K.L.:
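Could you have a look at this structure, given as structure tokens, before my questions?
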Amino acid sequence: MTDGTEQAPAHRYTAELAGRIERRWQDYWADHGTYHAPNPKGPLAEDTPIPSDKLFVQDMFPYPSGSGLHVGHPLGFIGTDVFARYHRMTGRNVLHTMGFDAFGLPAEQYAAQTGTHPRTTTEANIERYLSQIRRLGLGHDERRRIATTDVEYYRWTQWIFLQIFNSFYDEKQDRARPIAELEREFAEGERETPDGRPWAELSGVEQRRVIDSHRLVYISEAPVNWAPGLGTVVANEEVTAEGLTERGNFPVFRKNLRQWMMRITAYADRLLDDLDLLDWPEKVKTMQRNWIGRSRGANVRFRADGETIEVFTTRPDTLFGATYMVLAPEHPLVDRLTAAEWPEGTDERWTGGAATPAEAVKSYRAEAARKSELDRQESRDKSGVFTGAFATNPVNGEQIPVFIADYVLMGYGTGAIMAVPAQDQRDWDFATKFGLRIVRTVDPGEDFEGAAFTGEGPAINSSNEDLSLNGMGVEDAKKAIIAWLEEKGHGEGTVQYKLRDWLFARQRYWGEPFPIVYDENDLPIALPEEHLPVELPDVPEYAPTTFDPDDADSEPQPPLAKATDWVEVTLDLGDGPKKYRRDTNVMPQWAGSCWYQLRYIDPDNAERFVDPENERYWMGPRPAEHGVNDPGGLDLYVGGVEHAVLHLLYSRFWHKVLYDLGHVSSAEPYRRLYNQGYIQAFAYTDSRGVYVPAEDVEERDGKYFYQGEEVTQEYGKMGKSLKNVVTPDEMSENYGADTFRFYEMSMGPLDDSRPWATKDVVGSQRFLQRLWRLVVDEATGAVRVADIELTDDDRRQLHKTVAGVREDYAELRFNTAGAKLIELNNYVTKTYGSAEATPRELAEPLVLMLAPMCPHIAEELWQRLGHPDSLVHGPFPVPDEKWLVDETVEYPIQVNGKVRSRVTVAADAGQDDVRAAALADAKIAALLDGAEPRKVIVVPGRLVNVVR
RNA sequence: GCCCCCGUAGCCCAACCGGCAGAGGCAGUCGACUUAAAAUCGAUCGAGUGCGGGUUCGAGUCCCGUCGGGGGCACCA
């Protein structure tokens, strides 16, 4: 790029010189452990007392992909580094490191194709990744790096799994407790067994079944998401709205399988309520709230043919308007309710053309089962059939028809609804199509012309012999009806969640094995702690058996099941050596990232997953700084918004379990969350629609050309296939890492997405070259800084910049911090650029303030300015209040809101003086033409507005 | 369909509690250096804030409507 070096002055700050400086300082930092952050206790503690003022900054766990980084990846990493460096310079103890979320599919898939062990690929990718990020000069404490695939790491992942396995949720105390306490409660009769028999009368196996059903991790036979094309089951969170796997876009089928589940639903309320304590983007909080999906309402029971249909409703106040019911097609009561024959006078639209209800139900069910999730969503047209049965509305004894329809989902609430067409649009649509009765129970007002009315209004048509809701508002009516239902035994107030338990097992190879074995009764047994880690065995085949993606009848076959020597194991678990069978599932990739912040704190601790004292120091609540409700957690967590409901929900859940069990002092893992934006790029296609290399495309008159041919511009991701990838490596090579860092930070606010523009990078390079030139003579390499007395103007410029830059750094506004540095640099260049020397009093603060963004050049200049020690730990310039105010202020004078003139007055002039000066101004006087102004507004320090 | 965010010079972006629309960078133009060009340096040009209304002495900022872009949710009872 800058290959004109042979003509450039010998000591110009070129990419080549930058590269030499950068490598030199990177080596220096590594040799001196410059970024080592001391712990209060353990191997990473130091003899000197540690500052109580700390900062724990973390980037979201990267996956070490084999394809390497493009310039978008390090955006957040640089942002956290700048923030960390700024705080480190102000004297805080700053913990910043980076590890790898290294289990997962790509390495396994590569292994399956090539036969290379996933560990080999993973380790090579990590090395590659590290070499890329090291070139950027990130101030990581390298001693704290971890990878989820390290045996010493996943040993503790397994240990945490056991803590969760050995716990139950105590609803009364609203926290998790050790399972041993539950056992004691049963044994001592404090808690009743499910069937009421005394605990001692239960057999050993029965006792274990009871206990197992309370664990926070449990095995259940339930419908799960089975993806034959992936050969594994996946969690709800990993299925897209279209019913495809997030990874690979394979179809997902609901299938009853024996699977591990984590009882995240026990924490639904706390996960929801504690969001209020967090300093997170509102957008992410909203996504979590929606995902948890708490709705308050009531369960109501309807009698039908000797059976009871229970429904969940958020609008029990509309019960008098329930004119029919709908069950999900898969609802277990459907068979028992379906009548033998159509009742007299059944509407033809209700029968689906079938001769009997049973036939209608059978064919409708078949049709519904055939529809994929996608089909269901695409056609919003209501469909359904009548079961021939009637239910009794408990409030008025009315007989209402019972339908099955696929707009009611088995997976939510009770899988059955009371339909209130007047107050629910979906029910309205169904009712109008099938000719069902519509009774308004909320008065929509006279002018209302719409269909279903879901707004607020007084209840109408809602009374029976001993209850009247008429006239009540929605909230009061809900309370009244719930009280009535409870009194009569027809139902009760309740809360529903959209959140389901977390499907925790995967039938893959490259993940953490479960620390679980099964005995002859096929019941799971937790391995004692001293049996950890359970290491992944070598297997001949790394991939699970996969199937035709649409083969819903296939069954998962995990790779570990084939390692028979490993699966069949003889262990002494206290009652002599016995044969056991290992669990052949592995944990989902999310497991390792649920707790890595805790291991960063104490990476070498062999006794515990984290020492409590270290955890308290780095993550404990600090009410003095963050308010009385501070839940604790690390101080700044930066990453993309795509983890809003997966990682961030799971991680909070695990943290809360550890908190309940007393292992950590913080109630939340991430006190402050920040979503960085994405760097995107233009891509270009030729007339055939084939991508052409973006770097060779030229722009002329708003059109784009590649090799003389016009091409079409697209905007989006960076990717190899789009031929528009720009790597940090080439940026460092062509401009230097500091220039690259500065450019990324000055492109815009950290949380904005924006397009990459390589041609703009030169602006950052020129800035650093100018700054370099102020300190170093380009021709001789001599330092051209001297102790020159500053002018008042110099001081004002300097201190204004110091004050502004400090604030910008603290608020993550790196783009404006950069602009202020350029501004000051331009001022110094203009004032002293062609003078003999640059005043030291300007050069030094400039270098120090630059250091968080461009640490290498700053270190180099700082050293050349005669400082033997690194500037990584400060000092950072402090503004002098005295120089923050100007002596005089120029006030624009508006007449009726338009600027007409200006006056300059002393900065400490009172409002009356400013007013007088403004009115005395010749142009203003002329405009007023002798008339008395109606009003004069003086905004101190800003402007004067004269209203005539 | 519902909810949220964003629209400021050719481009990326500033503008604090409503107070002079511009801090910074790119591109453009002019000049210096050069035989010339690149690089570098210096200077300079540039929008009334997507559009329409309202509140206000004063609106990029607040309110209503509308258009465009991005994101989330989507038969959740």
Side-chain angles (χ1 to χ4, degrees), chain A residues 1-5 7-9 12 14 241 281-284 286-287 290-291 293 295 297 311-315 318 326 376-377 379-380 382 405-409 411-420 423-427 429-430 496-498 641-642 644-645 678 699 702 715 742-743 746-749 751-767 769-770 773 778 804 807 811 813 815-823 825-826 829-830 833-834 890-899 902 933-948:
Chain A
M1 207 76 193
T2 36
D3 56 356
T5 33
Q7 284 165 36
R12 169 161 296 173
T14 58
E282 210 43 53
K283 180 188 162 89
V284 176
T286 304
M287 285 165 75
N290 288 341
W291 188 260
S295 36
V311 304
F312 172 71
T313 176
T314 54
R315 293 296 301 276
T318 63
V326 184
R376 261 191 162 186
Q377 280 171 28
S379 106
R380 286 276 165 118
K382 295 285 175 292
D406 66 3
Y407 83 93
V408 173
L409 310 173
Y412 185 78
T414 60
I417 63 158
M418 63 179 215
V420 189
Q423 275 86 225
D424 184 292
Q425 190 59 46
R426 295 156 299 177
D427 296 344
D429 294 342
F430 190 88
Q496 275 288 332
Y497 303 89
K498 209 182 101 179
V641 73
E642 68 272 15
V645 286
Y678 298 100
E699 186 188 347
Y715 178 60
F742 192 86
Y743 174 65
S746 52
M747 287 169 79
D751 55 356
D752 256 20
S753 291
R754 58 242 135 138
W756 178 260
T758 299
K759 68 178 175 59
D760 290 0
V761 179
V762 69
S764 300
Q765 188 181 33
R766 285 180 194 150
F767 160 60
Q769 284 177 338
R770 278 201 294 274
R773 203 179 300 124
E778 280 195 331
E807 205 179 300
E811 300 298 322
R813 293 192 302 250
N815 53 327
T816 50
K820 288 183 173 89
L821 291 176
I822 293 174
E823 199 181 350
N825 192 55
N826 289 350
T829 304
K830 199 171 283 182
S834 38
E890 190 192 53
Y891 279 85
I893 307 164
Q894 297 181 338
V895 176
N896 291 345
K898 293 227 158 57
V899 179
R902 288 159 198 284
R934 267 207 286 160
K935 201 171 171 187
V936 178
I937 295 143
V938 178
V939 185
R942 310 232 59 140
L943 55 51
V944 182
N945 190 9
V946 180
V947 186
R948 2 181 346 228

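Letters A, B, ... are given to chains in the order of the sequence lines, protein chains preceding strands, and every chain is numbered from 1. No experiment lies behind these values; they were computed from the predicted model shown.
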K.L.:
Rounded to the Å, how far apart are A:Lys498 NZ and B:A74 C1'?
P.N.:
9 Å
K.L.:
What residues form a ring pair (Phe, Tyr, Trp, His ring centres under 6.0 Å) with A:Tyr891, not counting sequence neighbours?
P.N.:
none
K.L.:
A:Asn290 has an atom CG; how far is it from atom P of B:C75, in whole Å?
P.N.:
13 Å
K.L.:
Rounded to whole angstrom, note down the P distance from B:A38 over to B:G24.
P.N.:
25 Å
K.L.:
Choose from B:C75, B:A77, B:C41 the nucleotide whose nearest atom is closest to any side-chain atom of A:Val408.
P.N.:
B:A77
K.L.:
Assign each of A:Gly763 and A:Asp427 to its nearest nucleotide of RNA chain B by heavy atoms, then name whichever residue's nucleotide is nearer the 5' end.
P.N.:
A:Gly763
K.L.:
Dump the pairs, protein N or O against N or O of nucleotides 59-61 of chain B, anything under 3.5 Å, distances to one decimal.
P.N.:
none

K.L.:
Measure from the side chain of A:Thr313, starting at C-beta and using heavy atoms only, and say which of B:A77, B:G24, B:G72 lies closest.
P.N.:
B:A77
K.L.:
Taking any strand in view, what nucleotide pairs with B:C20 in a Watson-Crick or G-U wobble way, both distances under 3.5 Å?
P.N.:
none
K.L.:
When you measure from the side-chain N and O atoms of A:Arg426 to the phosphate of B:A74, is any distance below 4.0 Å, counting only OP1 and OP2?
P.N.:
no
K.L.:
What is the glycosidic conformation of B:C5: syn, defined as within 90° of 0, or anti?
P.N.:
anti
K.L.:
Please tell me which of the listed nucleotides, B:U40, B:A74, B:C75, lies nearest to the side chain of A:Val762?
P.N.:
B:U40
K.L.:
What is the distance, rounded to the nearest whole Å, between atom NZ of A:Lys935 and atom P of B:G58?
P.N.:
9 Å
K.L.:
Rounded to the nearest angstrom, tell me the gap between atom CZ in A:Phe742 and atom C1' in B:C13.
P.N.:
13 Å
K.L.:
Anything under 3.5 Å between a protein N or O and an N or O of nucleotides 17-20 of chain B, put it in a table, one pair a line.
P.N.:
{"from": "B:G19", "atom 1": "O2'", "to": "A:Arg942", "atom 2": "NE", "distance (Å)": "3.3"}
{"from": "B:G19", "atom 1": "N2", "to": "A:Asn945", "atom 2": "ND2", "distance (Å)": "3.3"}
{"from": "B:C20", "atom 1": "O2", "to": "A:Arg902", "atom 2": "NH1", "distance (Å)": "2.4"}
{"from": "B:C20", "atom 1": "O2", "to": "A:Arg902", "atom 2": "NH2", "distance (Å)": "2.8"}
{"from": "B:C20", "atom 1": "N3", "to": "A:Arg902", "atom 2": "NH1", "distance (Å)": "3.2"}

K.L.:
Looking only at the side chain of A:Thr816 (C-beta and beyond, no hydrogens), which of the listed nucleotides B:A14, B:C76, B:C12 gets closest?
P.N.:
B:A14
K.L.:
Which pair of non-hydrogen atoms, one from A:Gln423 and one from A:Arg315, has the smallest distance, and what is that distance?
P.N.:
CG-NH2, 4.3 Å
K.L.:
For A:Lys820, answer base if it contacts any base atom (sugar-phosphate contacts may also be present), sugar-phosphate if it contacts only those atoms, and nothing otherwise; contact means non-hydrogen atoms under 4.0 Å.
P.N.:
nothing
